[in-house]
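What follows is a short report on a single structure.
Numbers restart at 1 for each chain; the letters A, B, ... are given by sequence-line order, proteins then strands. Computed from a predicted model, the values in this text were never measured in an experiment. Computed over heavy atoms, backbone and side chain alike; hydrogens, waters and symmetry mates excluded.
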Amino acid sequence: MNSNDPYYRRIDLPAGDLHVFAHDDLFHAMGAKVLEMANNNLQIPNIRYMSYTPDAHVGVGTCIGTTAVWGTENGFVSPSIVGSDIGCGMRVHLTNLQAHELQDVKLRRKLVKAIEKRIPVENHARGYFSDIRLEDVLRKGLHGLPGKYVPDMYTPRKATSLTHVECSRFRFDESELDRIPEQVWHRAHRQLGTLGNGNHFIEIQALSINEENRHIAERWGLRDGQVAVMIHSGSRAWGGAVNQMCSSQVVKTMSRLGLGTADPKLTYAPLDSEAGRTYTNLMYSALNFAVANRHLMAFAVRDAFKETLGSKAELTTLYDLMHNYACEESHGDEPLFIHRKGTTRALPAGHSGNPEPYRDTGHPALIPGSMGTASYLMAGLPGGARNYHSICHGAGRVRSRNATKQLVTLDEFASSLRIGQEDEIVLNHRALEALIDESPQAYKDVDQIIESVVQARLAAVVARCRPLAAVKGV
DNA sequence: ATGTAC
């Protein structure tokens, strides 16, 4: 162990070093299992770096909150590090409305209903968009969508939907798509523009700017009290199928090469192997699906705002980025293969990896809170370089879904959403029981997580987002 | 997380 910085520690595990960016109290609350999992992950050959963010908690094979880095030369790719919701991530749109314009509970209800009409949240429901070629989306991401769904594509401001994203298209060997069975194609096509369930959500929020970073907020076009829309979703059944299919191929490769750790659920293969290449290619198709899926939902939300509040209502893209993925990135002059499982990239001002509109400020890093609590818009700091520019991805679970259902009563849950009061966080349906496992008590305090990220000098808060209404899947 | 699952 190490220095006297209460927000960072290097832990000397038998298999290698683990870097933890969390306040001592958060670190001690993580438990022994997260270290055992890190030690397994550090046994994967040629690993260069592994770290936890303050929201780290136990996941399958690898903790959620992990950054794991290999070189591209002798690197490895791990389906279980990426996780099953490949491409899961966040998108935020800014509206030209102020929070007081949504003060009326009935208006918020009407808006939520209008969203629900376009984004079905029931399991198995078909998406609102039927004229999209799935193959185009998988191959080309946002560039595979018909022009009418990219409303600002031809404006003089130049394609904000396509430039205000972490990645609008991943290129890969498209012949690998043939490996996916017809039934999965069919299911995925129906699911375009759908939210999914669990921690996924669409929230209508009100911004408050952090004074210290008002200059960045202004550059991003943020105002105090401004209404924003935050979307949290992933690659739905497509990514799930890719994960499942490729994992079994990777497991075969592992036994052929004599690889493995104490945890059979930790799967990995050399980047330069058939199984590794197939997974990487198909993972990229899922990242393309996920970004297009979030884009389509934002399009539907924009339509719902216009129907409810008049055609003058407008939504512009702030940013779209992921927190479950692996890809090549240059750090310094070196090409690396970075896995982020429940971690968000936050590049600082001036970094060449920023899209052009955010070159001078750093791009927005979008951090969701738990239901009924605040979310955050952050900007990376230069100090984040020592963690490959990874920050947290949200609050992080402290209780299993079942344990939460045992602990939290319906009344407690309802009062955490201020149901029945004037400032109620309007929910899309009355089946509160079905969502108890998503209550704030299931999660760490997001404010504490953010504090750790800020104190570790990884990123700074630009704005806090207070929820006004939420759409959840069931 | 996922049209869940020995």
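Within the 4.0 angstrom heavy-atom criterion, no nucleotide atom of any strand lies near A/G234. Among the atoms of the strands shown, none is found under 4.0 Å from any heavy atom of A/Q183. When heavy atoms are screened at a 4.0 angstrom cut-off, A/R126 is found touching no nucleic acid atom at all.
Listed pair A/N197 / B/dT2 meets the phosphate criterion, a side-chain N or O lying under 4.0 Å from OP1 or OP2. One finds a side-chain N or O of A/Q244 lying less than 4.0 angstrom from the OP1 or OP2 phosphate oxygen of B/dA5. In this structure, A/R236 reaches the B/dT2 phosphate: one of its side-chain N or O atoms is under 4.0 Å from OP1 or OP2. A close approach under 4.0 Å does occur between a side-chain nitrogen or oxygen of A/H200 and OP1 or OP2 of B/dT2.
Under 4.0 Å is where a charged nitrogen must lie from a carboxylate oxygen, and between A/R277 and A/D173 no such pair does.
When rounded to the nearest whole Å, the span between CD of A/Q191 and C1' of B/dT4 equals 13 Å. If you take CG of A/N243 and P of B/dT4, they are 15 Å apart, rounded to a whole angstrom. If you measure from atom CG of A/N324 to atom C1' of B/dT2, you get 13 Å, rounded to the nearest angstrom. Atom C1' of nucleotide B/dG3 and atom CZ of A/R187 are separated by 5 Å, given to the nearest angstrom.
Residues A/N243 and A/S84 have side chains that never bring a donor and an acceptor to within less than 3.5 angstrom of each other.
Relative orientation of the A/H323 and A/H393 rings is perpendicular, given thresholds of 30° and 60° on the angle between their planes.
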task = Evaluate side-chain contact (heavy atoms from CB on, under 4.5 Å) for A/H19 paired with A/R386, printing each intermediate quantity in order.
result = CA-CA 10 Å; A/H19 304 261; A/R386 69 195 198 286; over 6 Å; no
